[in-house]
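As structure tokens, the structure follows; a few thoughts come after it.
Letters A, B, ... mirror the listed sequences (proteins, then strands); counts begin at 1. The figures that follow rest on heavy atoms only: side chains count, while hydrogens, waters and symmetry mates do not.
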Amino acid sequence: MNALRGFIVKEIHHILRDRQTLMILLLLPLAQVILFGYALRTDVRGIRLVMVDPAPDPASLELRSRFTATGIFEVVAALPNTDALPGYFQRGAADQALVLEPDLGDGGSVMIITDATDPNTGSTMQAYATAVIRGYEHEIAGPGGGGIRIIPHARMRFNPTLESVNLFVPGLIALVLTVVSALMSAISLSREKERGTLEVLLVSPLRPWQIIVGKVVPYLVLGFANVLSVLAAAWLLFGVPFEGSVLLLLLESLLFIVTSLALGVLIAARTSSQRTAMMGALMGLMLPTTILSGMIFPIASMPAWLQLVTNIVPAKWFILISRGIMLKGVGLAHLWPETLILVGMTTLVLVAAVRSFDIRLS
Amino acid sequence: MRTLRFLLRKEFLQIRRDRAMLRLLIAMPIMQLLVLSSAATFQIRSASTYVVDDDRSSTSRGLVQRMEASGRFEVERASGSMKLANEALLAREVTAIVHIPADFERDLVRTGTAPIQLIFNAEDGAAAGMLRSYAASIISDYSAELEGELTRTTLDPRVRGDDGPSGDDGVSARSGQIRIQTSGWYNEGLSYTDFMVPGILVLLVTMIATAIGSMNIVREKEIGTLEQLNVTPITRGQFIASKLLPFWAIAMVDLGLGLLVGRLVFDIPIRGSLLLIFGAAAIYLLAALGIGLWISTVAQTQQQAMFLSFALNMVYLLMSGIFTPIQSMPDWAQWLAELSPVKHFIVIMRAVLVKGAGVMDIKIPLLVLTVYGVVVLAVAVKRYSKTTA
């Protein structure tokens with residue numbers, strides 16, 4: 001036990017001595033959560049619209065001002081016919097076109113052409129444009145015509161205003177923590193390998209699991225400091241609600257950091273050089289975590305086989321937990337299955353890491 | 001030239017020797033492309049719905065039926081208790097609750113209007129907003145249908161306006177009806193893979209180029225072999241070229257393989273010229289590798305290099321316009337996105353592959369990338385001085 005303590009102290013010295021790296025480790029996650037928390041929005045704005053209006057008349061001009069009045073659309077060009085339209089789309093100078101027929105006010109027709117290269121933005125833009133035209137139509141039709149109406153009262157539970165920040169921040173925290181923690185532990189272990197100092201550790205009375213624990217513990221503290229700073233930013237800067245218990249959230253974050261650190265150790269144990277270990281941690285974790293964790297793309301939208309695959313992504317479970325606590329205010333009573341899965345994963349990864357940690361030199 | 005050849009052979013030997021690295025550079029990107037491309041979708045499948053029908057009339061049953069028939073909602077459970085429904089929503093067993101209050105039918109017949117309550121789990125982002133608008137249109141169609149039944153007008157809501165309004169009598173409050181046709185160009189079927197495969201491919205190739213480029217020189221620095229290289233007659237240009245070219249070649253191979261996989265597995269459109277794509281990619285990859293090299297000259301240790309390239313890759317990844325639209329970002333973030341070469345190359349890929357654009361259509365992003373590449377490489381070569389290692 002004494003040996004382990006000494007080893008941990010040595011590791012802490014290593015971390016503290018390299019001030020430059022320490023600053024990077026402490027500030028990078030915070031900077032990223034702030035940057036992307038502000039930048040990422042799922043709503044669509046600034047739609048560049050081309051009006052194709054062969055015979056402008058009061059009705060078509062009125063419709064045009066309707067579009068600009070929304071603040072979402074911006075008319076970039078008005079053309080007499082559709083000949084030049086493909087060029088606008090190919091140059092990426094326009095997102096949508098409105099092709100009007102003469103005599104609009106008198107039951108004419110409108111064609112909405114959307115650049116659907118990005119299907120999500122495309123269908124959203126289509127829905128916006130349709131809504132503007134329907135609103136205009138409603139107005140020229142005038143009041144009356146009440147008839148039968150069922151009035152839907154829609155309530156968005158857990159995120160009433162559909163604020164993008166509330167959805168992205170828990171995901172960003174998970175993504176940043178996963179990669180930073182895994183990179184940290186992967187590097188610290190593979191560096192000893194590359195420099196040959198691991199040999200010294202191997203002949204010491206330290207057992208493999210002790211070496212791994214010694215490597216992980218100091219970074220656990222660092223990772224927890226990251227959690228505190230990003231959660232503070234989420235709360236102070238973005239006003240993300242903390243409906244549930246903060247203590248529970250902190251404990252779950254701690255658990256998640258251990259999972260990520262263990263992943264890093266596993267990667268380092270299975271690769272020979274720092275370069276490979278880091279590439280493995282970065283390449284193997286960044287994109288899969290972004291796409292498969294449910295941070296951006298709803299898991300329910302994925303094909304069934306992929307929904308199964310998402311289960312092995314630790315960030316998925318952490319996002320479910322943190323959204324649950326932050327937005328829904330639920331406690332362990334609802335979140336125990338996710339927590340248990342994370343605990344199980346961590347144990348599995350740690351055991352695998354100790355196992356594949358070769359005590360003999362090749 | 002001969003020196004460069006020897007240097008290149010040394011680099012290739014080093015890469016070949018590290019099997020794990022080769023797997024990371026070639027097999028991993030292709031595998032990720034295969035798996036992740038189908039995952040990156042916002043397509044809304046049917047939402048599991050909890051129905052609380054307090055009215056239990058034929059009208060309320062009709063409404064639920066219409067919602068199910070639309071394919072957007074699937075009634076998972078039904079009971080008379082809002083408490084149970086809320087509990088199910090909280091436990092994520094259902095994503096929507098439809099609550100039809102008692103006297104729904106009676107109110108509708110007597111007063112013409114009646115409320116219903118819809119509750120969505122907005123925890124899962126944009127999906128909730130989409131479901132809301134689907135529900136609204138189903139309900140308004142159903143209202144119109146009921147109206148038709150009750151007032152026995154012949155105006156079918158589905159074909160209304162098709163032949164234009166004939167007169168301005170009372171019932172046709174729908175005079176001035178505008179017929180709307182919609183058309184999604186370049187991607188009629190709104191296929192997500194057509195859009196995602198080229199984007200994810202670019203991201204993967206870029207990540208490889210930046211990360212590997214960033215650890216290149218710093219590695220020699222850390223191991224101490226850079227000093228040995230510095231006392232040789234190798235020039236700065238030769239050295240940088242030898243560090244750049246092998247990974248440039250690997251990234252080009254990755255891009256080619258990725259496009260092949262995209263074509264064969266995901267059937268992505270290739271409407272423009274492939275030559276143009278590879279030409280643009282050649283320039284783009286020089287820029288991406290140059291940025292990596294630049295990091296490599298700034299960082300002291302591989303660890304620092306890795307964290308810097310991680311930070312950069314996060315910007316590449318999240319501000320590329322693939323996952324969230326760039327035009328929706330705040331102004332400063334849009335500028336940041338302009339600074340990222342990834343954004344420009346993705347614009348080129350989309351324009352050429354999906355829209356069939358030619359050189360003249362993409363001249364601006366192409367120019368940006370060229371300038372980018374030249375500047376970044378010049379800075380990287382300048383920063384690497386042989387005297388201070």
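- Residue with the most contacts toward chain A among B/Ala333, B/Pro325, B/Ala351: B/Pro325 (heavy-atom pairs, distance under 4.5 Å).
- For the atom pair CE (A/Met125) and CD1 (A/Ile47), the distance works out to 6.0 Å, reported to the nearest 0.5 Å.
- Nearest heavy atoms, B/Arg350 versus B/Phe195: NH2-CE1, 2.6 Å.
- Looking at A/Ser190 and A/Gln274, their side chains never bring a donor and an acceptor atom within 3.5 Å of each other.
- Of the listed residues B/Ala357, B/Ala211, B/Pro365, B/Ala40, the one with more heavy-atom pairs under 4.5 angstrom with chain A than any other is B/Ala40.
- Residue contact with chain B, scored on non-hydrogen atoms closer than 4.5 Å, is absent for A/Val99.
- Between chain B and the options A/Ile319, A/Ile72, A/Leu306, heavy-atom pairs under 4.5 Å are most frequent for A/Leu306.
- Chain B forms the most heavy-atom pairs under 4.5 Å with one residue out of A/Leu327, A/Val309, A/Asp115, and that residue is A/Asp115.
- Of all the heavy atoms in B/Leu108 and B/Thr113, the pair that sits closest is CD1-C, 3.8 Å.
- Taking every heavy atom of both residues into account, B/Ile326 and B/Met319 meet most closely at CD1-O, 3.7 Å.
- When each of B/Gln117, B/Met207, B/Gln302, B/Met329 is checked for heavy-atom pairs under 4.5 Å with chain A, B/Gln302 comes out on top.
- Of the listed residues B/Leu89, B/Ile362, B/Leu63, the one with more heavy-atom pairs under 4.5 angstrom with chain A than any other is B/Leu89.
- Of the charged side-chain nitrogens involved, at least one lies within less than 4.0 Å of a carboxylate oxygen, so that B/Arg92 and A/Glu338 count as a salt-bridged pair.
- Ranked by non-hydrogen atom pairs under 4.5 Å with chain B, the options A/His334, A/Gln307, A/Met278, A/Arg270 are led by A/Met278.
- For A/Pro86, the parts lying under 4.5 angstrom from a heavy atom of chain B are both the backbone and the side chain.
- Most heavy-atom pairs under 4.5 Å with chain A, from the set B/Thr95, B/Leu317, B/Thr301, B/Val354: that is B/Leu317.
- Residue with the most contacts toward chain B among A/Val176, A/Leu287, A/Thr271: A/Leu287 (heavy-atom pairs, distance under 4.5 Å).
- Considering only heavy-atom pairs separated by less than 4.5 Å from chain B, the leading option among A/Leu282, A/Leu172, A/Ile24, A/Thr121 is A/Leu282.
- Counting heavy-atom pairs under 4.5 Å between each of A/Gly280, A/Pro170, A/Ala93 and chain B puts A/Gly280 at the top.
- Between the side chain of B/Ser309 and the backbone N or O of B/Met306 there is at least one donor-acceptor pair closer than 3.5 Å.
- Residue pairs that meet the side-chain hydrogen bond (donor to acceptor under 3.5 Å, both in side chains) test with at least one member in residues 18-28 of chain A, sequence neighbours left out, are A/Asp18-A/Thr21, A/Gln20-B/Gln304, A/Thr21-B/Gln304.
- Atom-to-atom distance recorded for A/Leu285:CG and A/Thr290:OG1 is 10.0 Å, nearest 0.5 angstrom.
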